[in-house]
Amino acid sequence: MAIVYICGVDNPDDEKVKARLKSLKCAVVNPSEMAFSKMSWSDTLSNRVELLKKSHAVYVLPNWRDSIMARIELTVAMDLKLQTFFHPISNKELKQ
């Protein structure tokens, strides 16, 4: 099962994205749903990088530029050479 990391700031359409990824038998990692708020910024970053290292792909939400953390995550994902999908993408690309 492919693990897809969601990168970017939450928005109302995220539920549709997560549901679509899950329907394609992907495990979805959404760091915004995790309890990082009680951690320091550097601990949060370290934990997110570890999650990225365990992922097979990154799904980048349209508002990723609004978050410094998302920009760092995308940079790490590119360094790890993870397959990267930018929203919106076609169903054909998503199935691959």
Side-chain angles (χ1 to χ4, degrees):
M1 178 182 293
I3 301 170
V4 180
Y5 185 98
I6 305 242
C7 176
V9 181
D10 273 345
N11 67 46
D13 291 334
D14 291 352
E15 291 304 318
K16 290 178 188 174
V17 169
K18 288 185 278 188
R20 180 69 179 134
L21 289 169
K22 288 178 181 178
S23 76
L24 295 169
K25 309 255 189 281
C26 295
V28 178
V29 175
N30 189 353
S32 65
E33 295 176 347
M34 297 178 182
F36 291 131
S37 63
K38 296 178 181 174
M39 294 182 187
S40 68
W41 197 88
S42 60
D43 286 342
T44 297
L45 178 59
S46 293
N47 280 287
R48 287 177 180 228
V49 168
E50 288 305 313
L51 289 170
L52 279 163
K53 287 179 181 178
K54 296 174 185 175
S55 300
H56 300 108
V58 177
Y59 188 96
V60 184
L61 297 171
N63 52 7
W64 66 273
R65 289 181 184 91
D66 298 340
S67 165
I68 290 173
M69 186 66 75
R71 287 189 254 164
I72 293 169
E73 290 170 337
L74 183 55
T75 302
V76 170
M78 291 183 335
D79 187 54
L80 294 170
K81 297 180 177 27
L82 296 178
Q83 189 169 13
T84 305
F85 300 100
F86 287 86
H87 179 84
I89 62 172
S90 70
N91 285 340
K92 180 180 176 184
E93 289 175 303
L94 196 54
K95 287 178 184 174
Q96 294 175 351

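Note: hydrogens, waters and symmetry copies are ignored here, and every other heavy atom, side chains too, is used. Here the structure is a predicted model, which means the values were calculated and not measured.
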Interatomic distance, M78 atom CE to L82 atom CG [nearest 0.5 angstrom]: 11.0 Å
Reported CE-to-CG distance for the pair M34 and N47, which is rounded to 0.5 angstrom: 9.5 Å
For Y5, the option from E73, H56, K53 that meets side-chain hydrogen bond (donor to acceptor under 3.5 Å, both in side chains): E73
Minimum-distance pair of heavy atoms, taken over all atoms of L52 and A77: CD2-CB, 4.3 Å
Interatomic spacing from CE in M39 to CZ in R48 - rounded to 0.5 Å: 10.0 Å
Short side-chain to backbone donor-acceptor contact, S67 and M69, under 3.5 Å: yes
F86 vs L74, side chain to side chain contact (heavy atoms under 4.5 Å, CB included): CA-CA, chis, key distance, verdict: CA-CA 11 Å; F86 287 86; L74 183 55; 4.0 Å; yes
Closest contact, heavy atoms only, A70 versus C7: O-SG, 3.3 Å
Nearest heavy-atom neighbours spanning I6 and L61: CG2-CD1, 3.7 Å
Side-chain ion pair, K18 and E33, N-O less than 4.0 Å: yes
Residue of the set L45, T44, D43 for which side chain to side chain contact (heavy atoms under 4.5 Å, CB included) holds with F36: T44
Nearest atoms (heavy-atom pairs only) where K54 meets I3: O-CD1, 3.3 Å
H87 side, atom NE2; Y59 side, atom OH - distance, nearest 0.5 Å: 4.5 Å
Co-membership, hydrophobic cluster, residues V17 and M1, 4.5 Å side-chain: no
